[in-house]
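In the text below, chain A, chain B and the rest are named by the order of the sequence lines, each starting its count at 1.
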Amino acid sequence: MTKSEKISGESLQWLYEDLNEEQRRAVMHTDGPVLILAGAGSGKTRVLTYRIAYLLAAGLAEPREILAMTFTNKAAAEMRERVRKLIPELISGMWIGTFHSLFARLLRIEGERLGFSSHFSIYDEDDQQTLLKTVMSDLNYSVTAHPLKLVSYKISAAKNAFITPEQLHNLATSKQDQIIAEIYAAYQRRLRELDAMDFDDLLIKPIELFQQFPLVLDHYQERFRYILVDEYQDTNRAQYIALQMLAAKHRNIAVVGDDDQSIYRWRGAEIRNILDFELDYKDCAKFRLEQNYRSTKNILDVAHSVVKHNRQRHPKKLWTEQAGGEQVTILEVEDDLEEATIVVNKIIVEMRAHHLDFHDFAVLYRTNAQSRVLEEALRRENIPYIIVGGVRFYERKEIKDVLAYLRLVCNPADVVSFRRVINYPARGIGEATINRLEAYAKEHNISIFQALIDCDKIEGIASKTVAAIHAFHQFIEKFIALRTELSPAELAATMVEALGILKAYKQENTVEALSRAENIREMLLAIAEYSTNAGKEASLEGYLHNVSLVTDIDTWDDRANAVTLMTLHSAKGLEFPVVFITGLEEGLLPISRSLDDAAALEEERRLFYVGATRAKKKLYIAWASNRRRFSGTVYSNPSRFLKEIDPQLVMVESTYRQPTRRAQRMPRRQEEQRMPKYEDESQEPVEFSIGMRVKHPMFGKGTIMGIEPSRTSIKLRVLFDESGERRLVLPYAKLEIL
DNA sequence: TCCCACTTTCTTTTT
DNA sequence: GAAAGTGGGA
């Protein structure tokens, strides 16, 4: 049967029924590079899934020849599910997943060539910093002189830009940058010794692999006849290079994206990648999806009126058949508490008026810290809610403890995990002992885990400690042996039981301890679920790789009947009938650190755009003139984005009891830009004066006796009526003026 | 070596 | 206001 015969069959009716003309052309243009500029809500996922389905149904590709890359597991799962619905019989063997998970899979298969085993550990940011700390101390660099955050940020940035330690060294313009390059080199060596990779390595190592082993590259180039990339605007340099390499042979690379929704610049994403796709592939076909199927015209116009102020963008405008719609409402409120209250009230009102459910609402914000007041307000009204993000499940201490044990069983060379659990639960093995073990391991060129066996030969370790070390060693060995006999779930459960962690938490009997115990139980259930789902494929390392790459949004349950609270970043790709964007204040959205950086500011604008275009029917935008941040109150001006919105598109609801000069409603034109106070804390004006009466939540009432400015903060000397004199650091002292 | 109390630092977003 | 780091006493 020829290609055209197959395609003309009735089975492809869906191509004509479900797609508009431009979408269909994008789907059916299968030869060569394709750029699909797909605006928010224009059916981007639909085009991708139909394209895959079409490639398969038309016989242009086998499932195993398709590689589809997304940024979240959720997006990948959705894509897979939708392809399955179209052509259930052709689903297995495709590589659909996130960059990180697919590359991890690739590295599990091919990593041995680079000196990694198939069960290498994946380090998250936390682990990364722990390792960096030890690397720096080995090199005798203090974390005071070279803040860990700075070092890890620069190394990560270099990796995302695919810059090697040597290159970074050559690029260095300061002594510190040279040192960072040196740490970077040592860090990479150490990772290899530990059989571990961090998130960035998952993107970089495939490139190194391809460069060093052209035959491997050749194999994957041949195999992946069709490559599809979602959210192309968020790819970084490393991802870009990897894609270029993989696509070089067949050149069937289709990328979908929207430059207006590029919001990961800070993570190394290069908007240039999508803006320049046509230069990279001069013969590419270009399709524009500009019909929006999600939102009303009012919402789109508001979003557009803001984003059009960006210079770094393809000019374009979405259109919709849903003319008009409800006006966008701007809520002007006094403070964050009131903001939360009004949001909750509006939810209740909207529910009654339009027969909506809780899951029809999303409340979005710039920073996770903003969720707290909202939570409290929702709880007061007994409204169920789900928070996405914040402290992630797999980053919780108790979860990481158990995971570290499991990782150690998989990969005894994993020193970061080793250090985490060697003395947890406490078995009397302290820092001094660990250092001796480490020195011994280094001297004899063995792993620290192997050094445990010989610990009785090491000088300076007490016999009691030797016994503890041997017991620990045997404990791990026992589970290494059990690994083949037990399922991951059984192994984990047995291990947790043997460690007595749950019992210890129960004994502690505090709210915190009990919730930690609960979390561990939940994790054991999750492992069991993984074991069932993966069936015969289930393995401990498989599970560990999975959880390393899971994000909160992946587990977000969109069917649960609850209001969703999340950051603007997490909201990308989702939609809700009613959306609230909160905290539209200078310094918060746009965030203070972006104010002096034109490119960063544009990203903030896109962030607003992403948020606004999540709304289907109704959009609320809120700003508060006071917001409690840290422990002080911060006064701010309305976001410049509010002023960019065409006033005719919105209605303003203000709840000021008495609007202040600062808080004039929607001023037409911006006079002097008043910077929010918290932008630079050292400049925060002192609101306190000597002799002033103040109240502290713990110490009670007192009198300010002195004000002592220092390099980084201001200290107040307060004489408390009951407890005497104390020094309090200003931004953190929760003082109320009486 | 462990444990407690105190100090310091951090809040932008996340695979 | 948390969470990690530091330091002194048991």
Next on the checklist: For Watson-Crick and G-U wobble pairs within 3.5 Å on both distances, what is DNA chain B written in dot-bracket notation, | included for inter-strand pairing?
Outcome noted: ||||||||||.....

Next on the checklist: Does A:Glu125 reach a base, just sugar-phosphate, or nothing at all? Heavy atoms under 4.0 Å.
Outcome noted: base

Next on the checklist: Within the 4.0 Å heavy-atom criterion, would you say A:Leu568 contacts the bases, only the backbone, or no part of the nucleic acid?
Outcome noted: nothing

Next on the checklist: Should A:Trp266 be counted as stacked on B:dT13, where stacking needs a ring-centre gap under 5.5 Å and an angle between planes under 30 degrees?
Outcome noted: yes

Next on the checklist: Treating A:Ser156 as the side-chain partner and A:Ser152 as the backbone partner, does any N or O pair qualify as donor plus acceptor under 3.5 Å?
Outcome noted: no

Checklist entry - Within this structure, what is the CZ-to-P distance between A:Arg427 and B:dC2, rounded to whole angstrom? => result 11 Å

Checklist entry - Can a side chain N or O of A:Asn423 be found less than 4.0 Å away from OP1 or OP2 on B:dC2? => result yes

Next on the checklist: Measuring to OP1 and OP2 of B:dT15, would you say a side-chain N or O of A:Thr72 lies under 4.0 angstrom away?
Outcome noted: no

Item to check | A:Phe120 and A:His545 aromatic ring geometry - parallel, tilted or perpendicular at 30°/60° bounds | outcome: tilted

Item to check | A:Glu78/A:Lys74 salt bridge by N-O under 4.0 Å criterion | outcome: no

Item to check | Whole-Å gap separating C1' (B:dT15) and CG (A:Leu107) | outcome: 15 Å

Next on the checklist: Between A:Lys44 and A:Glu231 (salt bridge meaning N to carboxylate O under 4.0 Å), is one present in this structure?
Outcome noted: yes

Checklist entry - Does A:Gln239 have any side chain to side chain donor-acceptor pair (under 3.5 Å) partners at least two apart in sequence or in another chain, and if so, which? => result none

Item to check | Position toward the 5' end of DNA chain B (nearest nucleotide), A:Phe99 or A:Ser594 | outcome: A:Ser594

Item to check | d(CG, A:Asn546; P, B:dT15) in whole Å | outcome: 14 Å

Next on the checklist: On the nucleotide B:dT15, are OP1 or OP2 found under 4.0 Å from the side-chain N or O atoms that A:Ser548 carries?
Outcome noted: no

Next on the checklist: Between C1' on B:dT15 and CG on A:Asp234, what's the gap in Å once rounded to a whole number?
Outcome noted: 11 Å

Checklist entry - Does NZ in A:Lys503 sit with more than 12 non-hydrogen atoms of other residues, nucleotides or ligands closer than 6.0 Å? => result no

Checklist outcome for this item: Side-chain contact check for A:His100: nearest option of B:dC2, B:dT14, B:dT15 is B:dT15

Item to check | Distance below 4.0 Å between A:Lys572 side-chain N/O and B:dT14 OP1 or OP2 | outcome: no

Checklist outcome for this item: A:Glu603 CD to B:dT14 P, in whole Å, measures 12 Å

Checklist entry - Only one of A:Asp127, A:Asp401, A:Asp414 forms a salt bridge (charged side-chain N to carboxylate O under 4.0 Å, His left out) with A:Arg420, so which one is it? => result A:Asp401

Checklist entry - C:dA3 P sits how many Å from A:Asn368 CG, rounded? => result 14 Å

Item to check | A:Lys149 side-chain proximity, nearest of B:dT13, B:dT1, B:dT11 | outcome: B:dT11

Checklist outcome for this item: DNA chain C nearest-nucleotide lookup for A:Lys397 and A:Arg372: closer to the 5′ end is A:Arg372

Checklist entry - Looking at A:Asp260 and A:Arg313, does any basic side-chain N land under 4.0 Å from a carboxylate oxygen? => result yes

Checklist entry - Nearest-Å distance, CD (A:Gln129) to C1' (C:dG5)? => result 14 Å

Checklist entry - Can you tell me how far P of B:dT13 sits from CE of A:Met566, to the nearest Å? => result 15 Å

Checklist entry - Which nucleotide in the set B:dT13, B:dT11, B:dT15 lies at the smallest distance from any side-chain heavy atom of A:Ala369? => result B:dT11

Item to check | Sugar-phosphate, base or nothing in reach of A:Phe71, heavy atoms under 4.0 Å | outcome: sugar-phosphate

